[in-house]
Amino acid sequence: MAYQLYRNTTLGNSLQESLDELIQGSLNTYRFCDNVWTFVLNDVEFREVTELVKVDKVKIVACDGKNTGSNAAE
Amino acid sequence: MEDVSPLEQYLEHCGTQFKDDLSASPQLFNPMSPYDVDLPIQVAEDVSFGSQFNQPKDLPADFSSVDLSFLPDITQDNKEQNPSKGGHEMQGGLDGSVPRNEDSGIFMEESSSSYPHATQPSPGEPGVCPPLTPMTPMTPVTPASESSGIVPQLQNIVSTVNLACKLDLKNIALHARNAEYNPKRFAAVIMRIREPRTTALIFSSGKMVCTGAKSEEQSRLAARKYARVVQKLGFPAKFLDFKIQNMVGSCDVRFPIRLEGLVLTHQQFSSYEPELFPGLIYRMVKPRIVLLIFVSGKVVLTGAKERSEIYEAFENIYPILRGFKKAS
């Protein structure tokens, strides 16, 4: 028995998570296509023990780490 | 059986399909009735008022009690006109008699306590019964018209629109901002915009679903923004057949609710399985809205195509919920 309330959520596969991040954090845009994530962040601080790097804009390109969906080498 | 007349008058006033049930109905309100002892069992298994509409011929032969707790005026009137006792004495008798109170609990206590002020005679009953076919179950409607003073707030609106052109989803996902496209999981691009904060599902057929808006206008505006994004990417997008498919509202009645009681009296409309889900699921017939009712007093209403349906459903359920307020 699927209730309409839940039907909206499951059908859309849409949580507002990404958008919440947009509002709260510095996420400018995001994209997911061909199993590749692309993020653009603004006003980011990269902190290491010794160094601190501040940038206005950062583009992050990320792929899946696991072997799912991709051919194993060898 | 002398109690039949006022009730019979009311039922005739409403519709003729009740005539079959009249012989059984008034026992509930007669303290002198020898069937009193049977009431609690009858009450629990009882088909609710609405079901009379549904299956008038399937009612059990020994149908000796009727859930008419939603007809407070008739209840009071019935009591008052009962020749065996005076009106107020009867009420006192009903409330005071211990076995009756404990047994009939839900019905009698609620109907007598919730509407102590009802004095209208039954023929004066406002036309609360619209013309009904024998197959129409009806959610009990209370004639007492006190507004709840609470307005449900819209939380989510789902709408659809046809962009009327085939779309290349990969193209859209690669060039649009804030888009996700994972064809293995779901065959649509999931795009989001900040203002109004919404999410859209865009399909290759050109059809689009827009969710998350808090008002009808916002939903339409958001859908137009998505259409513009698609248009700017080079597709000849139009804006056809925008339609709101579902509206969700929520509110708080501000008192705890006895869900067990509610499911017993409104069996026809309720389902309550606390081990599955903590809320009672009430499927109102008119308007056709599903309500999730929680012990805390919070209510979620969904299934509406129009805002007025949400408001109407809440105004319908509020007096019923008042009747099941937890005595703290």
Side-chain angles (χ1 to χ4, degrees), chain A residues 1-47 52-74, chain B residues 155-160 169-202 208-212 245-250 271 273 276-277 279 281-283 288-292 300-305:
Chain A
M1 253 208 300
Y3 303 114
Q4 235 173 336
L5 180 72
Y6 307 121
R7 206 173 284 156
N8 289 337
T9 321
T10 51
L11 178 69
N13 288 331
S14 54
L15 308 168
Q16 296 290 342
E17 285 173 357
S18 299
L19 221 58
D20 288 338
E21 206 179 325
L22 257 165
I23 294 169
Q24 292 167 18
S26 54
L27 179 66
N28 192 330
T29 60
Y30 64 88
R31 175 176 295 120
F32 181 70
C33 194
D34 292 330
N35 277 345
V36 175
W37 279 102
T38 307
F39 299 101
V40 176
L41 307 175
N42 291 116
D43 298 327
V44 186
E45 263 183 28
F46 291 94
R47 209 170 287 160
L52 178 66
V53 180
K54 286 192 183 175
V55 288
D56 280 339
K57 183 175 165 186
V58 168
K59 186 179 232 177
I60 297 174
V61 180
C63 306
D64 251 358
K66 297 179 186 176
N67 273 344
T68 51
S70 62
N71 296 328
E74 296 164 359
Chain B
Q155 301 294 345
N156 182 25
I157 305 216
V158 178
S159 58
T160 54
L169 296 186
K170 189 150 160 189
N171 196 332
I172 293 175
L174 284 173
H175 293 99
R177 291 168 170 247
N178 303 326
E180 292 169 48
Y181 181 46
N182 193 356
K184 285 184 299 187
R185 202 174 69 143
F186 191 58
V189 167
I190 301 164
M191 196 185 298
R192 294 184 175 88
I193 56 173
R194 284 190 185 96
E195 183 54 50
R197 189 155 80 91
T198 50
T199 302
L201 306 176
I202 304 171
M208 181 171 79
V209 179
C210 175
T211 67
Q245 301 290 353
N246 186 32
M247 300 174 73
V248 181
S250 70
S271 91
E273 295 284 339
L276 285 184
F277 185 66
I281 297 147
Y282 193 104
R283 296 179 186 275
R288 202 168 78 91
I289 298 283
V290 174
L291 299 90
L292 303 182
V300 175
L301 306 94
T302 183
K305 288 275 196 290

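Quantities reported herein were computed from a predicted structural model and do not represent experimental measurements. What you see below is based on every heavy atom in this structure, not just the backbone, and it leaves out hydrogens, waters and symmetry mates. Just so we're on the same page: letters track the sequence lines, and every chain starts at 1.
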- Approximate separation, where rounding is to 0.5 Å, of Arg31(A) CZ and Met191(B) CE: 10.0 Å
- Test ring pair (Phe, Tyr, Trp, His ring centres under 6.0 Å) applied to Tyr181(B) - qualifying residues, sequence neighbours left out: none
- Task: Heavy-atom distances under 4.5 Å only: say whether Ala179(B) touches chain A with side chain, backbone, both or neither.
- Result: backbone
- Interchain contact, Ala188(B) with chain A, by part (heavy-atom threshold 4.5 Å): neither
- Item | Residues which pass side chain to side chain contact (heavy atoms under 4.5 Å, CB included) with Asp34(A), listed by chain and number, not counting sequence neighbours | Lys170(B)
- Note on the structure: Heavy-atom nearest pair, Asn35(A) first then Lys184(B), reads ND2-NZ, 3.1 Å
- Task: Please report the closest heavy-atom contact between Asn28(A) and Asn178(B), naming both atoms and the distance.
- Result: O-OD1, 3.8 Å
